[in-house]
Amino acid sequence: MADTHVVTNQVPTLEDYNPATSPVLTEALIREGGEWGLDEVNALGALSGSRQAQRWGELADRNQPVLHTHDRYGHRVDEVEYDPAYHELMNVAIGHGLHAAPWADDRAGSHVVRAAKTSVWTVEPGHVCPISMTYAVVPALRFNPELSAIYEPLLTSRVYDPELKLATTKPGITAGMSMTEKQGGSDVRAGTTQATPNADGSYSLTGHKWFTSAPMCDIFLVLAQAPGGLSCFFLPRILPDGSRNRMFLQRLKDKLGNHANASSEVEYDGATAWLVGEEGRGVPTIIEMVNLTRLDCTLGSATSMRSGLSRAVHHAQHRKAFGAYLIDQPLMRNVLADLAVEAEAATMLAMRMAGATDKAVRGDERETLLRRIGLAAGKYWVCKRATPHAAEAMECLGGNGYVEDSGMPRLYREAPLMGIWEGSGNVSALDTLRAMVTRPECVDVLFDELAKTGGHDPRLDAHVATLQSDLGDLETIQYRARKVAEDISLALQGSLLVRHGHPAVAEAFLASRLGGQWGGAFGTLPTGLDLAPIIERALVKG
């Protein structure tokens, strides 16, 4: 049968491109001490943008994990079956060191390089959950030196082995954490899971956990109530004698997005575990794991913004409307430039926190303090901006963007998760205040950092002065915690852009975010800005 029409003015598929060519990411990688990793980041970026990797991401998301509680004979097995594409993604991520590899790398900047790699591996965010937890577990596990000596080499190994078997017989392992209970949510101290001491030094854990993602990990850190209070425990899926631990997977959550990642409810029925840290010190022990996963949430949201921006710009480059390409039309240029400014500011702050993390793990006290307050505030604000950013990027594609084939609906479904994971908006905002109370020197370090750009721009100076004044009003500060976290983030983003950013991007940020010349939606930048270099930096490259 003859064709009834010829298809024209449709956009070619976005594939075989390299997200590592993003100027803002490359510049941040160099600035934060990771220049030696440029080739590694570029190589992973090229794979990330390939047709093959994109297909892995689609399949892993579409073919969701399946829980098998029993085998055909009625024995409990508690195993999750993943699409083969999921394992391909995990193999690449671990092979390129996106997991715990930096803990075995003494080079300065290793955590920055790892952050940049995570930020260009854009194919599917669900599998990054166990990658992130494996990265974050190492410093917490070190509270038990004996366990750390055994398992840290396996955690940092670049070999992925998905088989459920004794961890010490595997070439490499992954780790998870199990904290949240249905009656407490973010209030982990309300947990009721009980830990009973055994004569051999182990504990027996009994209780129900409401959210335990990636339940096929080999080991978990679990919070439970010991005789001395809420404590942190090391719990393996397979016990040293080769038997399965009494960790029973009750069901998988039916989530909005993040479909490739199995999130489960877990019943511990006398599961065997070992203490990590001291009894009653569970939260301080596991908090470093939480902080590192919060870094990945911030990186993930910045990555989401750049990914959505790339798709929007690619569409605008190839789609005509009313006689001209969308990218050449004034109002669309306003939208694209505004999205680009948000993505650049988010990436700069996320990578600055990665740099602070790298220095903090090497003993830099100043960077430790800056990370403490900056990461709490940044996690709040950057993650909060990801969802409206994804919605606007989708709208740039019109009806085509609302169709699954475009990839935009998946991006949109993922966008809110980073703001929820490891503490929703209120938790992150209140943690910003907690940083000021428990480590008041954080505030001094923050303003010392901001003072580096003092006098460079009156809009930034005015914002910093107002922030400093607002922090002195302690009577209403908890009520205003979200605004405080937002203003800290905007101050840090503005300062980073003034010091290190492209002048056109910096001016657009200052004029809109700090200058009061901005509307309530993306695409409301004021007139008089030089948008050409902003959009040029956002163009998709091979």
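Every heavy atom of this structure was used, including side-chain atoms; hydrogens, water molecules and symmetry mates were not. In this text, all values refer to a predicted model and were calculated from it rather than measured experimentally. Counting begins at 1 with the first residue of the sequence.
- Taking the six-membered ring for Trp and thresholds of 30 and 60 degrees, Trp518 and Phe522 have ring planes more than 60 degrees apart, a perpendicular arrangement.
- In this structure, the side chain of His127 does not engage the main chain of His87 through any donor-acceptor pair within 3.5 Å.
- Judged by distance alone, with hydrogens and angles left aside, the side-chain atoms of Ser512 form a donor-acceptor pair with the main-chain N or O of Ala508 at under 3.5 Å.
- Partner of Tyr17 under the side chain to side chain contact (heavy atoms under 4.5 Å, CB included) criterion, chosen from Lys541, His314, Gln54: Gln54.
- Classification of Asp487 and Arg480 as a salt-bridged pair fails, no side-chain N sitting under 4.0 Å from a carboxylate O.
- Looking at Ser264 and Thr212, their side chains never bring a donor and an acceptor atom within 3.5 Å of each other.
- In this structure, Ser48 contributes its side chain and Leu44 its backbone to no donor-acceptor pair below 3.5 Å.
- Relative ring orientation between His111 and Tyr135 is described as tilted, the plane-to-plane angle lying within the 30° to 60° band.
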**Item:** Evaluation steps, side-chain contact (heavy atoms from CB on, under 4.5 Å), between Thr298 and Lys379
**Value:** CA-CA 5 Å; Thr298 311; Lys379 195 274 183 184; 3.6 Å; yes

With a 3.5 Å cut-off and sequence neighbours excluded, list the donor-acceptor pairs that the side chains of residues 18-25 form with protein atoms.
{"unit_1": "Asn18", "atom_1": "OD1", "unit_2": "Ala20", "atom_2": "N", "d": "2.8"}
{"unit_1": "Asn18", "atom_1": "OD1", "unit_2": "Ala46", "atom_2": "N", "d": "3.3"}
{"unit_1": "Asn18", "atom_1": "ND2", "unit_2": "Asn42", "atom_2": "O", "d": "3.2"}
{"unit_1": "Asn18", "atom_1": "ND2", "unit_2": "Asn42", "atom_2": "OD1", "d": "3.0"}
{"unit_1": "Thr21", "atom_1": "OG1", "unit_2": "Asn18", "atom_2": "O", "d": "2.7"}

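- Side-chain atoms of Ser304 never come within 3.5 Å of backbone atoms of Gly300 as a donor-acceptor pair (strictly under, hydrogens ignored).
- With respect to Glu344 and Arg306, no salt bridge is recorded, no charged nitrogen being found less than 4.0 Å from a carboxylate O.
- Shown here is Tyr412, whose OH atom has no more than 12 heavy atoms of other residues, nucleotides or ligands within 6.0 Å.
- Glu414 contributes no side-chain N or O that, together with a main-chain N or O of Gly126, makes up a donor-acceptor pair within less than 3.5 Å.
- In this model, no donor atom of one side chain and acceptor atom of the other lie less than 3.5 Å apart for Ser110 and Asp105.
- Remark: side-chain polar atoms of Ser424 are not paired, donor with acceptor, to backbone N or O of Asn426 under 3.5 angstrom.
- Salt bridge absent: Glu265 and Lys209 never bring a charged side-chain N and a carboxylate O closer than 4.0 Å.
- Counting only distance, with no hydrogens or angles, the side chain of Arg333 and the backbone of Asp328 share no donor-acceptor pair below 3.5 Å.
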**Prompt:** Would Met394 and Leu411 satisfy side-chain contact (heavy atoms from CB on, under 4.5 Å), going step by step from the backbone distance to the final call?
**Reply:** CA-CA 9 Å; Met394 179 190 293; Leu411 186 76; over 6 Å; no

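- In summary, Glu58 and Arg55 engage in a salt bridge, as defined by a charged side-chain N under 4.0 Å from a carboxylate O.
- Looking only at distances, no side-chain donor or acceptor of His500 sits under 3.5 Å from a matching main-chain atom of Met348.
- Asp431 has a carboxylate O that lies under 4.0 Å from a charged side-chain N of Arg372, or vice versa, which qualifies the two as a salt bridge.
- Exactly one residue among Arg410, Arg62, Arg413 makes a salt bridge (Lys or Arg N to Asp or Glu O under 4.0 Å) with Glu404. That residue is Arg413.
- Within the model, atoms CH2 of Trp103 and OG1 of Thr156 stand 11.5 Å from one another, a figure rounded to the nearest 0.5 Å.
- To the nearest 0.5 Å, atoms OG1 (Thr453) and CG (Leu460) are separated by 4.5 Å.
- Residue Asp254 qualifies as open at atom CG: its count of foreign heavy atoms under 6.0 Å is 12 or below.
- For residues 493-511, the pairs satisfying salt bridge (charged side-chain N to carboxylate O under 4.0 Å, His left out) are Glu449-Arg499, Arg459-Glu507, with sequence neighbours left out.
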